[in-house]
Amino acid sequence: MPELPEVEVVRAGLHPAVTGAVVRRVVVLEPRSLRRHDGPLEDFVDRLEGATLQSAVRRGKFLWFPFEASGQGEPAHPALVAHLGMSGQVLLRDTAADDDRLLRVRLDLVHPRHGDIRLAFVDQRIFGSMAIDSTVPTADGFAAGYSSASILGHSSDDEGESVPFSRTPTVETPVQDARPWVTRIPTQVAHIARDPLDPAFDEGRFFARLAATRSGVKRALLDQTLVSGIGNIYADESLWAAKIHGEQPSNSLTRSRARLLLVEIRAVLYRALAEGGTSFDAQYVNVNGQSGYFSHSLNAYGQQGKPCPRCGTPIVREQFMNRGSHFCPRCQRLR
DNA sequence: CACACACCCTGTTTGC
DNA sequence: TGCAAACAGGGTGTGT
């Protein structure tokens, strides 16, 4: 479930289940799902079995689980990194349950309070992956990603594990935290920019990079090293909301239009999050296999032929970057 | 260097 | 009904 809101829904669901849980048994049914793991399959299994998971963290569309190894020889502060790709799911199952049809990796956990839990990595297209990775300190000293119980702030199962991470950035001071994993990021994720809901998101850098490229705004929004968490749906939705054409050269945006765009991106992501993410079918679900409702709130994505909710002009779909781009030809003009 | 594109995959939906 | 093509929300490596 690829974009930020869907991945955050998954992360929030996993957080109470994995925090403090010990990995009992790991089964890899599809070796290609470990493509990004640096080492053989047995290495992945052996290093994980017996490990204690410390949290569920997310930056953009990347998820990771810092863990404490049981055995010797494990480098300090490793993490299990998961990326869902186009079709990945992480589901919480009963340890006695039958395997899901497209199950690729299975982690059986025992949690000190919740007991036995199975973490099932299901992925149709195998674009997603799991890997054990080492971590490095964040360049800015801030928390590496989001790791509280819920970004919406109304979960009851926080267990006091919250890392300060408010929606509105306040004064930025590097985090002082006894848990070293908080400010460490997996090397595979280190090049990914912070996402727009991250209080340490560097707005100045975002605007500067937009101003420094001639490529279209949509392409820039999909560039995860510029800003993370935005995929095809939320790019189209944000651009529609800001009335910007996706092929408008990034460096031709005025500063105020760029600011408006960022405001709309945050609004769209936050709304989608509040509705549990977007899903068109059983593919995009939370850890309990349930779908979100944001598909009912889409204004542009997948709405080709339907009237623009603002002006009534039919929404157009065009092929772009091997993907569909949906926009209102009247509200979103190239200029 | 910045940019554009091919490629990695399988299952479901669409169209003939 | 059967079959093939088109399609899917992502990231990375390679070539120009």
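Chain letters run A, B, ... following the sequence lines, proteins first and then strands; every chain starts at 1. Computed from a predicted model, the values in this text were never measured in an experiment. Computation of the quantities below employed the complete heavy-atom set of this structure, encompassing side-chain atoms and omitting hydrogens, waters and symmetry-equivalent molecules.
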Can you see if the side chain of [X] gets near the phosphate of [N] - specifically, an N or O under 4.0 Å from OP1 or OP2?
X: A:Arg125; N: C:dG9; answer: no
X: A:His191; N: C:dT12; answer: yes
X: A:Arg32; N: B:dT10; answer: yes

When you measure from the side chain of [X], which nucleotide among [options] comes out closest?
X: A:Thr278; options: B:dT10, C:dG9, C:dG11; answer: C:dG9
X: A:Phe62; options: C:dT12, C:dG9, B:dC9; answer: C:dT12
X: A:Arg101; options: B:dG11, C:dG10, C:dT12; answer: B:dG11

Discussion item. Taking only the C1' atom of each, what is the distance from B:dC3 to C:dG9 in whole angstrom?
Written reply: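 About 24 Å, rounded to a whole number of Å.
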Fill in: Separation between the P atoms of C:dT14 and B:dC9, rounded to whole Å
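Result for the P pair: 15 Å, nearest Å.
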Worksheet item: Are any of the side-chain nitrogens in A:Asp223 or A:Arg219 under 4.0 Å away from the carboxylate oxygens of its partner?
Response: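 No, A:Asp223 and A:Arg219 are not salt-bridged.
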Worksheet item: In terms of side-chain geometry, is the basic nitrogen of A:Asp98 or A:Arg93 positioned less than 4.0 Å from the acidic oxygen of its partner?
Response: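 No, this pair does not count.
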Practice prompt. Could you label the plane-to-plane angle of the A:Phe201 and A:Phe206 rings as parallel, tilted or perpendicular, counting under 30° as parallel and over 60° as perpendicular?
Written response: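 Ring orientation of A:Phe201 relative to A:Phe206: tilted.
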Discussion item. Which label fits A:His191 and A:Phe62: parallel for a plane angle under 30°, tilted from 30 to 60°, or perpendicular past 60°?
Written reply: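 Perpendicular: the ring planes of A:His191 and A:Phe62 meet at over 60°.
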Worksheet entry | hydrophobic_cluster_shared for A:Val7 and A:Met130, side chain cutoff 4.5 Å |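 Yes.
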Fill in: Strand DNA chain C as a dot-bracket string - pairs counted if Watson-Crick or G-U with both distances under 3.5 Å, | where the partner lies in another strand
.|||||||.|||||||
Worksheet item: To the nearest angstrom, how far is A:Tyr284 atom OH from C:dG9 atom P?
Response: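 That distance rounds to 7 Å.
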Worksheet item: Centre of A:Trp240's six-membered ring, under 6.0 Å away, within 45 degrees of the axis: is that where NZ or CZ of A:Arg310 sits?
Response: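 The answer is yes, since A:Arg310 meets both limits relative to A:Trp240.
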Worksheet item: If only atom types and distance count, is the side chain of A:Asn286 paired as donor or acceptor with the main-chain N or O of A:Val9 below 3.5 Å?
Response: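 Flag not set: sc A:Asn286 to bb A:Val9 has no pair under 3.5 Å.
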Worksheet item: Among residues 213-234 of chain A, which residues get a heavy atom nearer than 4.0 Å to DNA chain B?
Response: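 Under 4.0 Å from DNA chain B: A:Thr213, A:Arg214, A:Ser215, A:Arg219.
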